[in-house]
K.L.:
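Please find one structure pasted underneath; my questions will follow.
Note on naming: letters A, B, ... go to the chains in the order of the sequence lines (proteins, then strands), and numbering restarts at 1 for each one. These figures come from a predicted structure and were not determined experimentally.
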Amino acid sequence: MEISSKYSPKDIETKWYKEWLDNKLFRSIPDHREPYTIVIPPPNVTGVLHMGHMLNNTIQDVLVRRARMLGKNACWVPGTDHASIATEAKVVAMLKEKGIEKKSISRDEFLGYAWEWKEKYGGIILEQLKKLGCSCDWDRTRFTMEPSLSEAVIDVFIDLHSKGLIYRGSRMVNWDPAGKTALSDEEVIYKEVDSKLYYIKYFVPDSDEYIMVATTRPETLLGDTAVCANPNDERYKKFIGKTVIVPIVNREVPVIFDEYVDAEFGTGVLKITPAHDINDYNLGIKHNVPSIDCFNDDGTMSEAAGFYIGMDRFAVRKQIAKDLAESGHLEKEEAIKNKVGYSERTDAVIEPRISKQWFVDMKKYMARNPEVLDSVMNDEIQFYPSKLKNTYNHWITNIKDWCISRQLWWGQRIPAWYDEQGNTVVAKTHEEALELYQKQFNNSAVKQLNQDEDVLDTWFSSWLWPISVFDGFKDPDNADINYYYPTNDLVTAPEIMFFWVARMIMSGYEYKGQKPFSNVYYTGIVRDKLRRKMSKSLGNSPDPLPMMDEYGADAVRMGMMLCSPAGNDILFDISQVEQGRNFSNKIWNAYRLVMGWETTQTATEYYSIYGFVAQNWMETKLNKAIIEVNEHFDKFRLSDALMVIYKLIWDDFCSWYLEMMKPPYGDPIHDKALVQVKSVFERLMRLLHPFMPFISEEIRDGLLGNIHSYINKSKWPECIPDIKPVFYENSFELITLIRNKRNENGISPKTPAIVSVSTDDTSGYKSLYDVIRKLANVEVIDFIKSSKGLKGMVNKDEVSIEYIGWEMKQADSSELQKEIDYLTGFLKSIEAKLTNEKFMANAKPDLIDKERQKKADAESKIETLRQQLG
RNA sequence: GGGAGCUUAGCUCAGCUGGUUCAGAGCACCUGCCUUACAAGCAGGGGGUCACUGGUUCGAACCCAGUAGCUCCCA
């Protein structure tokens, strides 16, 4: 059979993924085994796969696949969240294309379209994860808005409300005029922008006297109801008790005084617009000045503004500056930089706005559930990297109430019901609400209550995810939740810590009395080579799907995993994927080699020597690597684990072991030797499998004779205990030395060498005699002292090398001299220690012994080198 | 403005309880090779005042203080 020298992953990956699914290899059902559970951070249902997902899900798959091989009952639950703002925006856009305005249809009609949209596009990202090789239990796929998960959300709302942990209040919220909804603080991104500071005169009535106010938002002056200065500011004391006229609207407002005002900033006077600034709002309440909301919910000027009605706020800003200048109210404009909040979803500038919203009282919540903080601080829940505990601690200790209502239709509708006067009850259905209402307000005349128009924040669904995916609310004692909860590991990005990680911990303790997971692995952010975050708008994010088509999912996974320690950003570059592809190809060619060997049953000398020596050497390396890889996994150091495997396969297996086992050209290999080679290869594939699931499956399957036993069901490799390492390193160093000397002197690799080694112990060299001859192209090795040829050292052994037909031009002494110089310096530093009284007094005895040994070694080495020099 | 973290080779990063198995890895780079598994390869090689300045110590990349620069979080 002819196997191509280039590995082509595409068909192989498609073939295996289909087989895995057909054979339900990722299915998990509770049984007697130890469970290992991961719930996927549900990707946004509107999303398509980007590099961040690739990294995040590769990591999860690596963890899950290894756990499965360790004999655990591994369960990776996939799913998506309903992403209310993003999805609603998509649906609104889709309707617009059809010529339908959201305003013109009913809520139910809109939801009909939304579900239609979800059914059509909502599964795309999950299909893409399959290309990546993700071993999710697809039969468990959940969606945050499916009936049972929605019911859990509503029940939790009602429950928290009854416990007094949820309240409705008037608050200044972050208003997104594009999404037309309130956002939580976490959904606002502050960016530094170039702004202007406008200096505006507010005249005292019937006077030329005026107060100068500096503001970046002149359009809000239509809502001004006071101006405020610091009471200690001498400049403004004369205005005590006076009023001023707000320009344009000609409203007379009081001059008030408060310590809050910074006399140093701007002119030392603030205009007070309680409806549109949180600080103004607080001052407004304190000084009892009214509030005028001069904006509509889409960011245009409202009727209440009185002027520029219907114009957009930014257009008004320009216009009002012009108008103020014309009327002589504008003193000057000054360029400044300030921070402005933007909506994470719509990128619209956030408008602070007062509105009635539902909140979770976080202070109370934390008082009930101190474990939310404690469990992380005492490592019951471990963060990787642990430095992120600080951030968590800081956020939890300074936590703010959580605004959970959103002015949207796509989401779980808030189960609150109002009568005409605004009296409120919270209940699951209208019927229950009415009953409750009649009892609570002792009013049986009212037969109709109106449900709150708003829906709940998407995170108010996802925070229940580790419980709700196992139906832990609907059926709290069911087999799944009892078996899989608490889950093991959560893999997510650091920016999700507050949105999700913290809140899952909160819900876990409140509703299960237990943590939701034991480990949180924070991935980095995927950036481009210039450290810019990959984003659609920058266009610097490669499309993962064609990339996987071209290089293979394995290569992409490898490329991402090689350079992404926990918590570190990954600077993605296609060259990393190339490295992954090259690695696949390397493995593929080793496979070609092994599969191409003819076998014999005649035991040759070659087999008996190499079979033992090479095998023993390789087994030793494999044992060591398995231990290291396991240690790295235990510490979630996945890229280090991969690197150990990479070097084990490329360097130890391909460059050394296979070269040793390879029979002389044209000869067959002994069938027992081939069995050994295949055994090693097969174990290597098992080690590699979590990282590169496809090629490891393909090759293992080939090595075992296409029996389709599935690597995913095989055991994670274990150390073979009775391997006694034999001392070979000198022989390997000798090979390197001989190759080196050739290189240094420009001698062709084809020129054979004649080597003399002067040593006390020839056994190590003798056992690898043929290996050395083959790998270093040596004609003959003897063990007598020779004065001819190039000189070198292998540890304490002197080596002389001649190359047949090559004339040595001059004595090769510089290398030796360098070595002597280095050792002399080294010796000196050791002697300094050993003659230092304090060192001798303080250092541990075994350290002193070590130093003495080093001294002796160095001395004897120097001696030998001097002799060589002559 | 408040808090946290980082600074080690050209790049991305390891470096545990201080002690020449500690100055490392991968990539990139340079040299020589189309050696019959693999040029997506083989054999070699050169790169670092461990940000800076002090201190502690017999001994510091590692501990302490200060300085500079960068990043993130919160306001």
Side-chain angles (χ1 to χ4, degrees), chain A residues 3-7 185-186 190 262 278-279 339 341 385 387-395 397-400 494-495 497-498 524-525 527 529 531 551 555 559 562-565 567-573 575-597 631-632 635 637 639-640 642-644 646-647 650 654-655 658-659 662 665-666 735-750 775-777 822-823 825-827 829-830 832-844 846-848 850-851 854-855 857-858:
Chain A
I3 311 178
S4 161
S5 72
K6 299 273 186 280
Y7 175 60
D185 290 344
E186 287 75 28
Y190 289 89
D262 179 1
I278 181 66
N279 301 308
K339 292 217 169 160
K387 63 182 177 190
L388 288 172
K389 281 163 74 176
N390 291 327
T391 313
Y392 184 83
N393 184 14
H394 192 255
W395 189 76
T397 20
N398 296 292
I399 197 158
K400 306 258 177 45
E495 69 251 37
M497 186 193 289
F498 311 131
I525 294 165
R527 298 175 184 278
K529 266 176 111 177
R531 279 201 179 273
Y551 293 92
L562 260 180
C563 57
S564 62
N568 273 354
D569 288 356
I570 134 163
L571 271 58
F572 184 81
D573 186 73
S575 67
Q576 289 150 230
V577 176
E578 280 172 14
Q579 196 185 347
R581 179 202 52 187
N582 295 354
F583 187 45
S584 299
N585 205 49
K586 182 73 184 175
I587 297 168
W588 183 250
N589 277 291
Y591 176 64
R592 283 177 65 212
L593 174 69
V594 170
M595 295 307 277
W597 281 332
E631 282 172 357
H632 286 314
K635 294 175 188 160
R637 300 167 63 133
S639 37
D640 292 314
L642 177 56
M643 185 50 69
V644 171
Y646 177 78
K647 286 197 275 195
W650 199 305
C654 292
S655 297
L658 285 182
E659 290 300 334
K662 194 197 271 182
Y665 180 61
I735 292 168
T736 303
L737 180 72
I738 298 165
R739 287 171 172 173
N740 250 331
K741 292 290 171 195
R742 254 201 203 91
N743 246 312
E744 281 167 16
N745 294 287
I747 304 164
S748 160
K750 288 174 181 162
L775 298 191
N777 189 17
Y822 170 78
L823 285 168
F826 177 46
L827 192 60
S829 77
I830 296 170
K833 279 188 200 176
L834 291 173
T835 54
N836 183 323
E837 275 174 39
K838 287 193 174 169
F839 174 79
M840 298 304 281
N842 293 322
K844 289 181 190 140
D846 60 327
L847 185 70
I848 293 174
K850 250 195 212 167
E851 295 294 325
K854 279 188 218 159
K855 183 178 176 226
D857 288 351

K.L.:
What is the distance, to the nearest angstrom, from the CD1 atom on A:Ile830 to the C1' atom on B:rC58?
P.N.:
15 Å
K.L.:
Which residues pass the salt bridge (Lys or Arg N to Asp or Glu O under 4.0 Å) test with A:Glu631, not counting sequence neighbours?
P.N.:
none
K.L.:
First locate atom OG of A:Ser584, then atom CD of A:Gln579, and finally report the distance between them rounded to the nearest 0.5 Å.
P.N.:
11.0 Å
K.L.:
Using a 3.5 Å limit for the pairing distances, which stems of at least 3 consecutive Watson-Crick or G-U wobble pairs does RNA chain B take part in?
P.N.:
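Paired runs of 3+ in RNA chain B: B:1-7 with B:68-74, B:10-13 with B:24-27, B:29-33 with B:41-45, B:51-55 with B:63-67.
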K.L.:
Between B:rG44, B:rA37, B:rA75, which one does the side chain of A:Glu659 approach most closely?
P.N.:
B:rA37
K.L.:
Between A:Asn398 and A:Leu658, which is nearer to the 5' end of RNA chain B once each is assigned its nearest nucleotide?
P.N.:
A:Leu658
K.L.:
Given B:rA40, B:rC38, B:rA14, which nucleotide is nearest the side-chain atoms of A:Arg592?
P.N.:
B:rC38
K.L.:
What's A:Ser655 touching, base or sugar-phosphate or nothing? Going by heavy atoms closer than 4.0 Å.
P.N.:
sugar-phosphate
K.L.:
Determine the interatomic distance between P on B:rU53 and the same-named atom on B:rA61; round to the nearest Å.
P.N.:
13 Å
K.L.:
Starting at CE of A:Met595 and ending at P of B:rC38, how long is that distance when rounded to a whole Å?
P.N.:
17 Å
K.L.:
Pick base, sugar-phosphate or nothing for A:Asn740, based on heavy-atom distances below 4.0 Å to the nucleic acid.
P.N.:
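The residue A:Asn740 makes sugar-phosphate contact but no base contact.
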K.L.:
Using the side-chain heavy atoms of A:Asn585, tell me which of these nucleotides is nearest: B:rC74, B:rC38, B:rC42.
P.N.:
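From the listed options, B:rC38 comes nearest.
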K.L.:
What integer distance in Å separates A:Lys586:NZ from B:rC38:C1'?
P.N.:
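To the nearest whole Å, that distance equals 6 Å.
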K.L.:
Can you list everything that forms a side-chain hydrogen bond (donor to acceptor under 3.5 Å, both in side chains) with A:Ser748? Sequence neighbours excluded, please.
P.N.:
none
K.L.:
Could you give the distance separating B:rA14 and B:rG54 at their C1' atoms, to the nearest angstrom?
P.N.:
28 Å
K.L.:
Under the rule syn = chi within 90° of 0, otherwise anti, which is B:rG5?
P.N.:
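B:rG5: anti.
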K.L.:
Determine the interatomic distance between C1' on B:rC64 and the same-named atom on B:rU57; round to the nearest Å.
P.N.:
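To the nearest whole Å, 12 Å.
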K.L.:
The criterion is side chain to side chain contact (heavy atoms under 4.5 Å, CB included); which residues satisfy it with A:Lys838, sequence neighbours excluded?
P.N.:
A:Asn836, A:Asn842
K.L.:
So, using salt bridge (Lys or Arg N to Asp or Glu O under 4.0 Å) as the criterion, who are the partners of A:Lys389 when residues are at least two apart?
P.N.:
A:Asp379
K.L.:
What contact category does A:Ser748 fall into here, base, sugar-phosphate, or nothing, at under 4.0 angstrom with non-hydrogen atoms?
P.N.:
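Result for A:Ser748 = nothing.
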K.L.:
What is the nucleic acid contact for A:Lys389, judged by heavy atoms within less than 4.0 Å: base, sugar-phosphate only, or nothing?
P.N.:
nothing
K.L.:
Please work out if A:Trp597 contacts a base, only the sugar-phosphate, or nothing of the nucleic acid, heavy-atom cut-off 4.0 Å.
P.N.:
nothing
K.L.:
So which protein nitrogen or oxygen atoms get under 3.5 Å of nucleotides 26-35 of chain B's nitrogens or oxygens?
P.N.:
from: B:rG26; atom 1: O2'; to: A:Gln579; atom 2: NE2; distance (Å): 3.0
from: B:rC27; atom 1: OP1; to: A:Tyr646; atom 2: OH; distance (Å): 3.2

K.L.:
My understanding is that only residues two or more places apart in sequence, or in another chain, count here; which of them pass side chain to side chain contact (heavy atoms under 4.5 Å, CB included) with A:Arg581?
P.N.:
A:Tyr551, A:Ala555, A:Glu578
K.L.:
Return the set of residues passing side chain to side chain contact (heavy atoms under 4.5 Å, CB included) with A:Asn393 (not counting sequence neighbours), or none when no residue passes.
P.N.:
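A:Asn393 satisfies side chain to side chain contact (heavy atoms under 4.5 Å, CB included) with A:Leu373, A:Met377, A:Thr397 once adjacent residues are dropped.
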K.L.:
Have a look at A:Arg742 and say if it touches a base, only the backbone sugar-phosphate, or nothing, with a 4.0 Å heavy-atom cut-off.
P.N.:
nothing
K.L.:
For B:rA65 and B:rC22, measure between their P atoms and round to the nearest Å.
P.N.:
29 Å
K.L.:
In terms of ring plane angle, is the pair A:Tyr7 and A:Trp588 parallel, tilted or perpendicular, where the classes change at 30° and 60°?
P.N.:
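Rings of A:Tyr7 and A:Trp588: tilted, as their planes differ by 30° to 60°.
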K.L.:
Just how far, in rounded Å, is C1' of B:rA25 from CG of A:Leu642?
P.N.:
13 Å
K.L.:
Can you check the distance between B:rG44 and B:rG5, where both ends of the measurement are the C1' atom (answer in whole Å)?
P.N.:
41 Å
K.L.:
Any side-chain N or O of A:Lys741 below 4.0 angstrom from OP1/OP2 of B:rG44?
P.N.:
no
K.L.:
Apply side-chain hydrogen bond (donor to acceptor under 3.5 Å, both in side chains) to A:Asn582 and list each qualifying residue two or more places apart in sequence or on a separate chain.
P.N.:
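A:Asn582 satisfies side-chain hydrogen bond (donor to acceptor under 3.5 Å, both in side chains) with no other residue.
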K.L.:
Can you name the side chain to side chain contact (heavy atoms under 4.5 Å, CB included) partners of A:Ile747, sequence neighbours left out?
P.N.:
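Residues passing side chain to side chain contact (heavy atoms under 4.5 Å, CB included) with A:Ile747: A:Arg742, A:Asn745, A:Thr751, A:Tyr803, A:Trp806.
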K.L.:
Between protein and nucleic acid, restricted to nucleotides 20-24 of chain B and to nitrogen or oxygen atoms under 3.5 Å apart, what atom pairs and distances do you find?
P.N.:
from: B:rU20; atom 1: O2; to: A:Tyr822; atom 2: OH; distance (Å): 3.1
from: B:rU21; atom 1: OP1; to: A:Lys854; atom 2: NZ; distance (Å): 3.3

K.L.:
Both A:Leu593 and A:Lys838 contact RNA chain B. Taking the nearest nucleotide for each, which residue is further toward the 5' end?
P.N.:
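Here A:Leu593 is the residue nearer the 5' end.
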K.L.:
How far does the C1' atom of B:rG59 sit from the matching atom of B:rG47, given to the nearest Å?
P.N.:
28 Å
K.L.:
Base of B:rA40, side chain of A:Arg581 - is there a donor-acceptor contact under 3.5 Å?
P.N.:
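Yes.
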K.L.:
Measure all distances between protein nitrogen or oxygen atoms and nitrogen or oxygen atoms of nucleotides 2-10 of chain B, and list the pairs falling under 3.5 Å.
P.N.:
from: B:rA4; atom 1: O3'; to: A:Asn390; atom 2: ND2; distance (Å): 3.1

K.L.:
Roughly how far apart, to the nearest Å, are B:rU17 and B:rG3 at atom P?
P.N.:
27 Å
K.L.:
If you measure from the C1' atom in B:rU56 to the same atom in B:rC63, how many Å do you get, rounded?
P.N.:
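Nearest-Å result for B:rU56 against B:rC63 at atom C1': 8 Å.
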